[in-house]
2 protein chains.
Amino acid sequence: MDIHDIAKISGYSSSTVSRVINNRNYVSEKARQDIQRVIKEFDYVPNEVARDLSKGKTHNIGVVLPHTSHPYYTQLVEGIMSAAFPAGYRIVMLPSKFDADIEMNYLNRLRRKAYDAIIFTSHGIPIKEFLKYQQYGSIVICHNPGDYNIAAAYAEREESYKAAFQWIQAQKYQKIAILLSRPYEVSSTAQKTFQAYRQIFNSNPDKRLLNTKITTFEDGYNAASQFHKENYKPDIYFTNGDDIAAGVRQFHLDNNLPIPKLIGQENQLSGKILNIPTINHNFHKVGKLAFELAINNEIKQLPVESEFIFRNQEKL
Amino acid sequence: MDIHDIAKISGYSSSTVSRVINNRNYVSEKARQDIQRVIKEFDYVPNEVARDLSKGKTHNIGVVLPHTSHPYYTQLVEGIMSAAFPAGYRIVMLPSKFDADIEMNYLNRLRRKAYDAIIFTSHGIPIKEFLKYQQYGSIVICHNPGDYNIAAAYAEREESYKAAFQWIQAQKYQKIAILLSRPYEVSSTAQKTFQAYRQIFNSNPDKRLLNTKITTFEDGYNAASQFHKENYKPDIYFTNGDDIAAGVRQFHLDNNLPIPKLIGQENQLSGKILNIPTINHNFHKVGKLAFELAINNEIKQLPVESEFIFRNQEKL
DNA sequence: GTGAAAGCGCTAACAT
DNA sequence: ATGTTAGCGCTTTCAC
């Protein structure tokens, strides 16, 4: 049952039926009634894929994510969806596992018109590569693209990181452990962290107190355990998540050790419960902006300020 | 630049080009080389939408969710994606806000071939309605469908709920507060909870200690505050999430009140940190099974057992 | 106001 | 092994 069947049965042409379906142009009241009656009677609905093909537009936005289940991504996706839904767009989830080949595959699917635009919440592909693909649809990344002319919405971390390190400095903490999810070489977040550190302390972070493979509570726990085994005893942990900081705390608690100072990120519930100072990156807003860039096909950079949220860990 | 252009330029027909692209049937080595050279030279890629239309298949699975950002949904989505990715399917997120009209809209998009199958992680539409739509593509729900012949993967909560209430009974707690997300009338989860309660205590839960509008930490906090204001003082809270239980705890902490016993659900990090007993519903597995039902077009029911995880809250 | 017909770009049955 | 052709189902231009 397609539009031609309806045309035949109602005695009009398929173009008139199309007009009725999309209420476009002028259609006589009689034709409209006749056609709508037939549509009702045969319970006809138009095929979305045929429409997409004909229009050259899918109303789908691809969203590339290395993994779900982590606050950065869930907040971002939620932000994107909150803007996409009212605009009549849908989100297609594209899991990447940080694998550049998989990412390239998705980028090629943009060329193939599988979606109208693509948002990279994270990317292993060099930014330069993206430039060639911009002609096929809008591409938005969620990191600072530097001088590259590519659409981006991202958390501006500098100031909040500096604020956090300034606070650490003011408290005169000496041994500063840093827990991150990915190594300096591949992670602009790690680079920003180091940069802020250097600006405040005029030195590099202590490599012995650095771990760049942390993504979960358990990872935080184990990292703390490792430092303790090596007898490093940090005064404070600057971590990549409140949940991570909670893992560090848990290790000390379980072993009856004094709990070091902690700084989290992402403004998660665990930080609120345990009164851990944190950094809120406002990813929800970043997601919203990313979506808007995607559909408006604007090549702009939109930084979103992060904020250091101080909490008095003593109160715990 | 479409398949016909490639055909013309290479001197073969579009069907031979199609064969090369999809490496199907027999194509002479020479033709393959000739055609592939032209494809390379003109940097041609096939259009995904045209292919979908022609094949009548999109490789997209719609996933309806009332909201993201809650553990039930994120775990479920992750489970679905973990199975969908290796199978070459993509997940289209369909936010519903618990609104049956929006859900119906998605169901109709299944008819319109916008996706090959649809998974309802939650549904306001009566199950009966789904039956009519099964002819248009496979429909999977994530709740027990009872006697209806519809595909379903879901958490089997009975035993774990009973185990939790049995434990409460064994401890001789009297005043049992219950916090849920949605009211008895519309929520099968609430119904299961009550049913388990009745089986253990031979009575209905105390309505004065019931709140069915709880979804966040803050809601838990406020519910506790409300009960306290009304001077009800529950011995124990049976809640719909570890985060919720943490909210209840926080209220008592902030007001220097003795912390009541707590039972959470979802096996969240907050429960782990605070040593709150919980119920793990294994939603990741439910999601995986839901996806498999969706693509295999099997109309089966697959319950997944939940487990009561006991923790000694005293240890906190 | 309505219809004919040419797309949109690919697939697959059938013919050779 | 390769080509012809009729789909897949809708939109849109142009003519009347």
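Chain identifiers are assigned alphabetically (A, B, ...) following the order of the sequence lines, protein sequences preceding nucleic acid strands; residue numbering begins at 1 within each chain.
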Rounded to whole Å, CG of B/Asp5 lies from C1' of C/dC8 at a distance of 13 Å

Any idea which of D/dG9, C/dA12, C/dG3 is nearest the B/Arg24 side chain?
C/dA12

Rounded to whole angstrom units, what separation is found between the NZ atom of B/Lys8 and the P atom of D/dG3?
14 Å

Taking atom C1' of C/dT11 as reference, at what distance in whole Å does atom CG of B/Asn22 sit?
8 Å

Would you jot down, in residue-number order, the residues of residues 39-52 of chain A having a non-hydrogen atom under 4.0 Å from DNA chain C?
none

With ring-ring contact (aromatic ring centres under 6.0 Å, His included) as the criterion, how do B/Tyr115 and B/Tyr106 come out once you've worked through the C-alpha distance, each side chain's angles and the decisive distance to 0.1 Å?
CA-CA 10 Å; B/Tyr115 14 79; B/Tyr106 293 137; 7.4 Å; no

N/O-N/O pairs, protein side and nucleotides 13-16 of chain C side, under 3.5 Å:
none

What do you reckon, are the aromatic ring centroids of B/Tyr154 and B/His143 less than 6.0 Å apart?
no

Does A/His4 or A/Ala31 map to a spot on DNA chain C nearer the 5' end, using the closest nucleotide for each?
A/Ala31

Less than 3.5 Å between a donor and an acceptor, one on the side chain of B/Ser14 and one on the base of D/dG3, is that the case here?
no

Interatomic distance where NZ belongs to B/Lys57 and C1' belongs to C/dG9 [whole Å]
20 Å

Between A/Lys55 and B/Tyr12, which has a closest nucleotide on DNA chain D that is more 5'?
B/Tyr12

Hey, is the main chain of B/Pro71 close enough, under 3.5 Å, to the side chain of B/Thr74 for a donor-acceptor pair?
yes

Just to confirm, is there a sub-4.0 Å distance from OP1 or OP2 of D/dC10 to any side-chain nitrogen or oxygen of A/Ser54?
no

Aromatic plane relationship, B/Tyr72 with B/Phe283 - under 30° parallel, 30 to 60° tilted, over 60° perpendicular
perpendicular

Specify whether B/His67 and B/His70 have parallel, tilted or perpendicular ring planes, treating 30° as the upper limit for parallel and 60° as the lower limit for perpendicular.
tilted

Can you check the A/Asn23 CG to D/dT11 P distance for me, whole Å?
12 Å

Quick one: which of D/dA1, D/dT2, D/dG9 gets closest to the side chain of B/Val27?
D/dT2

Could you tell me whether the side chains of A/Tyr136 and A/Asn108 share a donor-acceptor contact shorter than 3.5 Å?
no

Please lay out, stage by stage, how B/Asp5 and B/Tyr44 fare under the test side chain to side chain contact (heavy atoms under 4.5 Å, CB included).
CA-CA 10 Å; B/Asp5 295 322; B/Tyr44 159 81; over 6 Å; no

Can you confirm if the aromatic rings of B/Phe120 and B/Phe130 lie within a centre distance of less than 6.0 Å?
yes

Find the distance A/Ile3:CD1 to C/dA6:P and express it as a whole number of Å.
18 Å

Checking all strands, does B/Ser28 fall into the base, sugar-phosphate, or nothing category for heavy-atom contacts under 4.0 angstrom?
sugar-phosphate

Euclidean distance, atom CD1 of residue A/Ile21 to atom P of D/dC10 [Å, nearest integer]
7 Å

Respond yes when some side-chain nitrogen or oxygen of A/Ser18 is under 4.0 Å from OP1 or OP2 of D/dT11, and no when none is.
yes

Do A/Asp116 and A/Tyr89 have a side chain donor and acceptor closer than 3.5 Å?
no

Between D/dG3 (P) and B/Ile6 (CD1): distance, integer Å:
14 Å

Pair B/Lys113 + B/Asp52: basic N to acidic O under 4.0 Å
no

